[in-house]
Amino acid sequence: MIGSAEQATAERRKRQRFVAQRRGEYCFWVLLDSERLPLLDLSLEGFSVPATSPLASDRTYHFVLQRARVPDEIRGSARVVNYIGNPAGGQAGCVFDSIDADGRERLEDWLTAHVLAGASLPITEKDAVHIVSGPSLV
């Protein structure tokens with residue numbers, strides 16, 4: 001078993017990741033190489049997508065992030081940083097290289113709204129912003 005000091009060393013994420021589902025439905029999607037995929041998680045640093053095999057990690061992928069039932073998009077580029085395979089299907093983790101225009105601010109707004117909508121206890125918008133912009137809680 002990994003001790004807490006080893007866990008802190010192994011943890012590479014600087015920002016909290018948010019599960020991209022609510023009540024069994026995907027909240028966020030990505031267009032990646034003209035394929036629309038549901039996001040498994042999303043953060044201010046990147047996202048993960050379902051992948052039955054590893055995606056090429058030696059290239060940049062242009063993406064379009066989308067919210068379910070909302071006509072807003074965030075564009076940018078990302079690169080694959082890891083792949084976790086399992087019998088039920090794997091996932092590829094991607095980190096943002098760039099986000100176009102005001103996309104980072106809008107992404108923070110998206111995640112803040114996501115945190116507020118999914119909170120099991122009442123929290124303020126200020127609390128949600130702190131959670132989104134703060135360090136990983138894992």
Side-chain angles (χ1 to χ4, degrees):
M1 184 166 179
I2 296 176
S4 61
E6 291 168 335
Q7 283 176 329
T9 302
E11 178 57 49
R12 295 181 304 168
R13 284 179 258 127
K14 294 179 182 100
R15 301 281 184 203
Q16 181 65 32
R17 289 189 303 176
F18 300 94
V19 174
Q21 285 188 8
R22 190 177 317 117
R23 294 181 204 88
E25 290 188 31
Y26 289 103
C27 303
F28 304 104
W29 296 79
V30 67
L31 290 173
L32 200 61
D33 279 349
S34 301
E35 184 176 2
R36 188 171 191 248
L37 300 168
L39 293 186
L40 300 175
D41 62 57
L42 178 62
S43 78
L44 294 176
E45 291 181 331
F47 57 87
S48 69
V49 293
T52 55
S53 61
L55 300 174
S57 59
D58 60 345
R59 62 172 281 223
T60 298
Y61 292 87
H62 295 282
F63 68 81
V64 178
L65 295 177
Q66 301 173 327
R67 289 193 292 176
R69 297 178 294 282
V70 178
D72 191 12
E73 296 181 336
I74 297 172
R75 296 173 180 272
S77 63
R79 59 187 156 79
V80 176
V81 292
N82 63 25
Y83 173 76
I84 301 168
N86 65 51
Q91 70 180 44
C94 301
V95 66
F96 297 127
D97 279 336
S98 68
I99 298 178
D100 294 352
D102 66 343
R104 179 159 166 70
E105 292 81 20
R106 286 188 296 120
L107 178 58
E108 187 171 337
D109 290 345
W110 288 13
L111 290 173
T112 298
H114 185 67
V115 168
L116 285 167
S120 56
L121 298 172
I123 62 171
T124 66
E125 184 173 349
K126 184 178 177 181
D127 293 332
V129 168
H130 179 72
I131 291 167
V132 169
S133 61
S136 176
L137 302 173
V138 175

Where do [X] and [Y] come nearest, in terms of heavy atoms and distance?
| X | Y | result |
| --- | --- | --- |
| L107 | S43 | CD2-O, 3.6 Å |
| F18 | V132 | CZ-CA, 3.9 Å |
| V80 | A56 | CG2-O, 3.8 Å |
| F47 | A78 | CE2-CB, 4.1 Å |

Distance (rounded to the nearest 0.5 Å) between [X] [atom1] and [Y] [atom2]:
| X | Y | atom1 | atom2 | result |
| --- | --- | --- | --- | --- |
| C27 | L42 | SG | CG | 10.0 Å |
| S98 | R104 | OG | CZ | 12.5 Å |
| T112 | H130 | OG1 | NE2 | 12.0 Å |

pair [X]-[Y]: side-chain heavy atoms closer than 4.5 Å:
| X | Y | value |
| --- | --- | --- |
| V49 | L39 | yes |
| Y26 | L40 | yes |
| H62 | S77 | yes |
| I123 | L116 | yes |
| D41 | V19 | no |
| F28 | L65 | no |
| L55 | Y83 | no |
| D127 | V115 | no |

Got a sec: does the CZ of R36 have more than 12 other heavy atoms crowding it under 6.0 Å? yes
More than 12 heavy atoms of other residues, nucleotides or ligands under 6.0 Å from CD of E125: is that the case? no
Should R22 and H114 be marked as a side-chain hydrogen bond (donor to acceptor under 3.5 Å, both in side chains) after you check the CA-CA gap, both sets of side-chain angles, and the distance that decides it? CA-CA 9 Å; R22 190 177 317 117; H114 185 67; 2.8 Å; yes
R75 side chain vs G103 backbone, donor-acceptor pair below 3.5 Å: no
With no hydrogens and no angle check, is any side-chain donor or acceptor of N86 less than 3.5 Å from a backbone partner on A88? yes
